[in-house]
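Here is the structure we will look at, set down as structure tokens.
Reckoned from all heavy atoms, side chains included, excluding hydrogens, waters and symmetry mates. Computed from a prediction, not measured in an experiment: that's the story for all the values here. Note on naming: letters A, B, ... go to the chains in the order of the sequence lines (proteins, then strands), and numbering restarts at 1 for each one.
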Amino acid sequence: MVSSRNFTVAPDNSSKEVSLKGDLKSRFSNYMEKDSVFENKDALTTNWRPERILHRDEKINNLASILAPSLKGEDPSNVFIYGSVGTGKTLITKHVTSELQDVAEEQEVDLNIVYINCKMKKVADTEYRLLAKLCEQLGKEVPSTGLPTDEVYNRFFEALQNQKGVVIIALDEIDALVKKVGDEFLYNLTRINDDLRETKVSILGISNDLNFTEYMDSRVKSSLSEEEIIFSPYNAIELREILQERTERGFVEDALVDGVISKCSALAAQEHGDARRALDLIRVAGELAERSSEEEVRKKHVDKAQEKIERDRVVETVESQPKHSKIVLYTILDMAEDDEEVATGDVYSEYKQWCGEIDVSPLTQRRVSGLISELDMLGVINANVISKGRYGRTRQISVDLSESIRAQIENMIENKFYI
DNA sequence: ATTCCACCGGAATTGGGGGGAA
DNA sequence: TTCCCCCCAATTCCGGTGGAAT
């Protein structure tokens, strides 16, 4: 703040600044005047709610009819929605619940719908935080830490008692939370109705994992999946229609060269029929076209977009890893350069060497082993446990990153540790 | 059919940092 | 201030285990 004030007031060498400012100004105004390929970029993001939702009529009706009893003050059955990423689960849930809410308001029915994404880091990714978030949504603030979980649970209960009517709790990405903290909280949630008088709670769980029920206690399973809706992936044709619809809103006319939409849908269809991916591809392709001052989005931009999305994803995940994870990754990158595949033990001894050089005390092998499997799950490296018979079992670690991504990561880590 | 390596991976625990409430 | 809580990385302990070698 201080420095910016100094900068604008500085009286001397003003000529330099003026011209600099002028440059910047003209650059900004150029930017403003330049014909954008985008008409409304929001329409190309996943949280945009299109007025027409394609290829999901059946699911919408299905969910609507399950939740409808709430308008009569009856508690709807608990629902479980399954489907892999980008199949429209969240979109449909938000759509149906907001319509439901509107009708409830018109009819003056007591209905409260709470939507929480359980994967939100530091927000709803533990039992405590989920309950705290639920309280908050029901209008009862709870400190973000400090209290015993029981206490938060009590406050949540009180908040519910003050609601009256039906409360629908939508828990998105619930599989991630259960895998992390177990299913006990769900058991409590499903049984909460037994103790409530005026309020009725029903739960709408959304899971990316189709085999998720296996992680749950059978009692929880049966009460939670009174109703189930399964979302199957979109095929390439459906994806194309969805993109067609969105791009009409998102891009200016004729901004897309023929075949660009098909290309995006085909690529996304290959990757499990993921509509989110398709949208990301075409949006980023547009951004790249715009950045290189072109007025049309071409197929080459889609290729670049795919590379950029992957690079951003990897760089971002690596950046958010703890210190030692980065060091471990660095040693793996270094070793896998000449050796195709490396074993955990090799990585560990090399890792200890690095730690010595940069004056960091090394972690145990157990921990490093854990870090390696985390990096594997994050899709940064590949690791498979194999048996070398007489010579033990270990992970076979390999790196399958494009040269540019790899270089960028190595650079980032080197800068961080002055290697 | 056994042996036995070089780890894997679950579980329990710790320790330091977040923060209540009284 | 004291005592309690939660969170997360990390440690300690330890019971497995696939399959080449014997």
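Salt bridge annotation for E287(A)-K308(A): absent, with no cationic side-chain nitrogen under 4.0 angstrom from a carboxylate oxygen. Salt bridge D280(A)/R277(A): absent, no basic N to carboxylate O contact under 4.0 Å. For R155(A) and E151(A), the salt-bridge test passes: some basic side-chain N is under 4.0 Å from an acidic carboxylate O.
Counting non-hydrogen atoms of other residues, nucleotides and ligands closer than 6.0 Å to CG of D102(A) gives a total above 12.
Of the candidates V123(A), I169(A), L171(A), L171(A) is the only one forming a side-chain contact (heavy atoms from CB on, under 4.5 Å) with I116(A). Applying side-chain contact (heavy atoms from CB on, under 4.5 Å) to T331(A) and the options V347(A), D346(A), V342(A) leaves one that passes, V347(A).
For the pair R56(A) and Y234(A), the cation sits on the ring face: its NZ or CZ lies under 6.0 Å from the ring centre, inside 45° of the axis.
Mapping heavy-atom proximity under 4.0 Å, the span of DNA chain C touched by chain A runs 5' to 3' from dC5(C) to dA21(C). Here the range on DNA chain B touched by chain A, meaning any atom under 4.0 Å from one of its heavy atoms, is dC4(B) to dA21(B).
In this structure, T126(A) and Q365(A) both approach DNA chain C, and ranking their closest nucleotides by distance from the 5' end singles out T126(A). When each of D346(A) and G146(A) is assigned the nucleotide of DNA chain B with its nearest heavy atom, D346(A) is the one assigned upstream, toward the 5' end.
If you check every strand for non-hydrogen atoms under 4.0 Å, P143(A) touches sugar and phosphate atoms only. Nucleic acid contact class of T149(A) (heavy atoms, under 4.0 Å, all strands): sugar-phosphate only.
Between the side chain of K326(A) and the backbone N or O of E319(A), at least one donor-acceptor pair lies under 3.5 Å.
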